[in-house]
Amino acid sequence: MALNAALGGSVKRREDPRLITGAGRYTDDVRLEGCLHAVFVRSPHAHARIAGVDVSAAKGMPGVVGVFLATDLAFESETPRPRLCSDEVKFVGDAVGVVVAAGREEAVDAAAAVIVDYELLPALVDGTTALQPGAMLVHSDMGDNVAFDFDLGEEGALEGADIVVRARFVNQRLAAVPIEANAVAAEPDGQGGIRMWTSTQVPFGVRASVAASLGLPDEKVRVIAADVGGAFGAKLMTYPEQSVIGALAMKLDRPVRWFEYRTENMVAMTHGRGHVQDVALGATSEGKLVGLEADVVADAGAYAGLAPPQLMLTALLAQSVYEIPRIRYSAKCVYTNTAVMSAYRGAGRPEAIALIERAMDMLAMELRMDPAELRRRNLITGPFPYTTVTGLTYDTGNYSRALDLALAAAGYAELRREQAARRERADRVQLGIGVSTYVEMTAVLSTTEFGAARAEADGSIVLTAGTTSSGQGHETAYAQLASALLGMPMERIRVVSSDTGLVDRGSGTSGSRSLQLGGSAVRGACLVLIEQAKKEAARRLEAGVDDIVQLPDGRFGVRGVPATALSWAELASEATLFAEHDFEQDDQTFPFGCHIAVVEVDVETGETRLVRHIAVDDCGTVLNHALVDGQIHGGVAQGVAQALYEEFVYDVEGNPLTTSLTDYAIPTIGEIPMIETVSMETPTPLNPLGAKGVGESGTIGSTPAVQNAVVDAVSHLGVRHIDMPAHPMRVWEAIRAAGYVKGSSRSGTEPR
């Protein structure tokens with residue numbers, strides 16, 4: 001049966017009825033008999049020595065089973081980030097101890113009664129300050145605050161440029177804010193091991209970490225991620241709390257559970273982004289790019305999470321979709337007394353595209369050239385595969401077509417005419433149009449995945465996948481794929497994943513890898529299963545294997561004799577039909593696209609409203625348009641959020657100021673317009689599906705488009721740049737700093 005029969009549809013997510021009716025099962029829904037509740041004692045200070053801890057009052061409180069410090073829980077392996085701090089805390093939220101009680105409320109009260117004697121130390125919050133001579137050290141046993149640094153390219157990247165634009169861009173710190181915060185439930189299995197339920201993207205990663213900490217072989221730790229209520233990269237990390245809860249369950253020989261309240265989640269879960277980028281982009285007077293120079297400081301937070309390797313991804317993707325002959329990129333990742341920085345939707349790639357796309361708009365302003373035209377003059381046109389000056393190999397691309405489709409869908413020329421008319425009238429509400437062309441990399445750093453398929457005697461099929469869904473729709477995608485291959489209705493196909501006791505292996509979900517790798521692995525297992533079914537049919541029907549064909553209804557019979565065909569149930573009743581497949585992709589894939597954002601800005605108040613957003617995202621062959629559009633919509637919402645609303649803020653002493661959803665401004669549906677998606681498919685040759693990832697494309701393309709649109713709306717007033725988030729005060733201040741006078745159009749500074 002042709003694989004293409006499964007592709008291009010718009011099948012509704014079969015997970016949704018369960019999830020939207022409250023029938024989902026998240027970690028906090030796991031109710032274990034006799035379960036105890038854990039609450040962590042966390043530092044209220046950004047940097048301090050621990051002079052002593054008094055747990056006596058807490059231990060005597062009603063319902064308390066125990067209060068545990070680092071010395072009470074001996075772990076078999078150490079990690080750079082202490083599971084419980086014993087000597088020093090390095091950010092607000094660092095865990096010092098953990099209280100276990102019969103009930104959650106009792107544990108909360110007892111945790112508040114633990115008295116920690118802190119000797120306050122100076123805190124380092126700003127990453128650029130961390131590099132200054134004589135800067136205080138976050139880690140006193142290190143010679144400096146640098147967690148990781150590197151240089152790409154050589155000096156002189158801007159030689160021969162007629163025009164050079166220079167700027168400092170701040171790609172601000174963000175909180176992940178999943179609906180479901182971190183959560184763990186663990187119980188002894190009665191055989192010297194433990195079972196653990198946790199909200200994670202990487203069950204096998206958690207298993208390895210917890211097993212190492214407890215001194216157990218991997219097979220003695222079973223990790224289950226049931227429904228995961230959002231992850232966005234922040235649940236790619238393995239957290240100290242997972243090992244602590246596992247250790248408590250073993251020590252007390254009782255089930256123990258823990259989940260974060262929102263405020264705890266905001267300070268303790270990893271954050272994302274956090275770059276300061278000094279950028280210079282050079283071009284000829286005709287607008288042909290000559291070179292790019294970038295000096296970037298990335299915040300690692302108090303301990304090294306995934307910020308260092310992500311910084312390398314940012315550098316590698318700096319060329320984006322453009323012919324840039326020379327690039328010099330210097331980067332440092334530095335420690336600060338703040339929450340650990342790790343993956344957040346896009347994980348290093350949005351930072352690269354935001355850098356080059358802002359610089360391209362600034363260059364267009366300097367050249368008095370339309371930003372779309374500047375991009376067109378510099379787009380890579382192939383041939384593909386195409387190797388960039390930073391060493392990446394783009395598999396396929398058609399960047400000019402993506403730009404053309406976006407411009408046409410937006411009605412770009414008419415938008416520019418409307419903008420000109422508003423400027424001429426000196427309207428209070430001005431129109432801004434932002435363009436962002438991008439490429440990103442998916443299946444990042446991990447290009448192998450496991451899949452399996454088994455035919456049951458009742459005629460159903462069980463698929464096993466090594467990926468873990470946190471809302472992407474894996475259940476639907478894998479069942480849809482197998483349905484077309486096996487001739488089986490989707491409702492007869494069950495998908496099993498995210499349980500190390502039921503799945504042999506897997507790398508989980510990150511870097512938009514699931515369909516291209518997990519889907520290809522499931523496909524491979526289904527094809528092997530079909531061959532097994534043909535052999536069994538040949539045996540049962542006393543025919544040669546080459547004479548066996550699969551009929552459209554999924555049955556197997558002798559060619560030309562359909563009446564003798566056997567169903568999957570009949571074949572599985574007398575034979576074991578089970579197949580595994582490990583798929584390995586030769587390289588990463590590179591989705592691409594173009595986003596156009598249209599905003600209205602009130603020049604008297606700085607208030608900005610996104611009124612349209614057009615997204616062209618090419619993720620190769622599309623299996624299910626409904627799933628792809630859903631990923632794009634969600635990604636765009638998060639990209640818009642960074643551009644206009646969200647920022648996690650610390651004061652100069654390291655105190656977090658945005659610890660709840662009252663002061664951390666996530667947008668609601670009222671702030672996000674209907675996303676106008678335009679389909680474009682350029683298959684990759686790197687996997688049999690032709691698919692690339694799409695989970696992060698919406699975020700990567702939208703953020704700079706919206707930021708560029710805001711600046712564009714007020715560029716005629718003399719505004720050159722506005723850092724994200726472009727909230728009303730920041731926009732208002734930029735307009736006033738440019739010398740705007742109420743009622744004046746400042747048409748003399750018109751850049752286009």
How long is the span from the [atom1] atom in [X] to the [atom2] atom in [Y], to the nearest 0.5 Å?
X	Y	atom1	atom2	result
Leu174	His271	CG	NE2	9.5 Å
Ile163	Glu286	CD1	CD	9.0 Å
Gln707	Asp723	CD	CG	6.5 Å
Glu733	Met729	CD	CE	5.5 Å
Gln588	Thr684	CD	OG1	11.5 Å
Arg523	Phe583	CZ	CZ	8.5 Å

Give a yes-or-no answer on whether the side chains of [X] and [Y] include a donor-acceptor pair shorter than 3.5 Å.
X	Y	answer
Glu323	Tyr386	yes
Arg273	Gln172	no
Glu696	Ser512	yes
Thr467	Tyr478	yes
Thr682	Asp618	yes
Arg345	Gln638	yes
Gln516	Thr589	yes

Would you call [X] and [Y] a side-chain contact if the rule is heavy atoms closer than 4.5 Å?
X	Y	value
Gln472	Ser514	no
Thr703	Pro350	no
Val439	Tyr399	yes
Leu363	Leu289	yes
Ser320	Ile353	yes
Ile614	Leu407	no

Requested in this report: Apply side chain to side chain contact (heavy atoms under 4.5 Å, CB included) to Val164 and Arg166, showing your working.
Outcome: CA-CA 6 Å; Val164 177; Arg166 300 179 186 274; 4.0 Å; yes
Would [X] and [Y] pass as an ion pair if we require N to O under 4.0 Å?
X	Y	result
Arg428	Glu604	no
Glu357	Arg375	yes
Asp617	Lys692	no
Arg349	Glu440	yes
Arg13	Asp16	yes
Arg417	Glu414	yes
Arg376	Asp370	no
Arg513	Glu449	yes

Report task. Count the heavy atoms of every other residue, nucleotide or ligand shown that sit under 6.0 Å from CD of Glu671, and state whether that count exceeds 12. Result -> yes
Requested in this report: Evaluate whether atom NZ of Lys288 has more than 12 neighbouring non-hydrogen atoms of other residues, nucleotides or ligands under 6.0 angstrom away.
Outcome: yes
Query raised in the report: Hey, what's the ring geometry for Phe590 with Tyr394, parallel, tilted or perpendicular (30° and 60° as the breaks)?
Result: tilted
Report task. Anything under 30° is parallel, anything over 60° is perpendicular, the rest tilted; go ahead and classify Phe232 against Tyr344. Result -> perpendicular
State whether the side chain of [X] and the backbone N or O of [Y] hold a donor-acceptor pair below 3.5 Å, judged by distance alone.
X	Y	result
Arg612	Ala410	yes
Gln430	Arg422	yes
Glu293	Val279	no

Report task. List the steps, then state whether side chain to side chain contact (heavy atoms under 4.5 Å, CB included) holds for Leu431 with Glu600. Result -> CA-CA 5 Å; Leu431 194 71; Glu600 290 184 331; 4.1 Å; yes
Query raised in the report: Where do Tyr322 and Tyr438 land on the ring pair (Phe, Tyr, Trp, His ring centres under 6.0 Å) test, with the steps shown first?
Result: CA-CA 9 Å; Tyr322 303 115; Tyr438 77 92; over 10 Å; no
Report task. Test side chain to side chain donor-acceptor pair (under 3.5 Å) on Tyr740 and Arg736 and set out the steps. Result -> CA-CA 5 Å; Tyr740 168 75; Arg736 297 310 181 273; over 6 Å; no
**Report entry** Working for ring pair (Phe, Tyr, Trp, His ring centres under 6.0 Å), residues His275 and Phe169
**Finding:** CA-CA 8 Å; His275 283 200; Phe169 304 144; over 10 Å; no
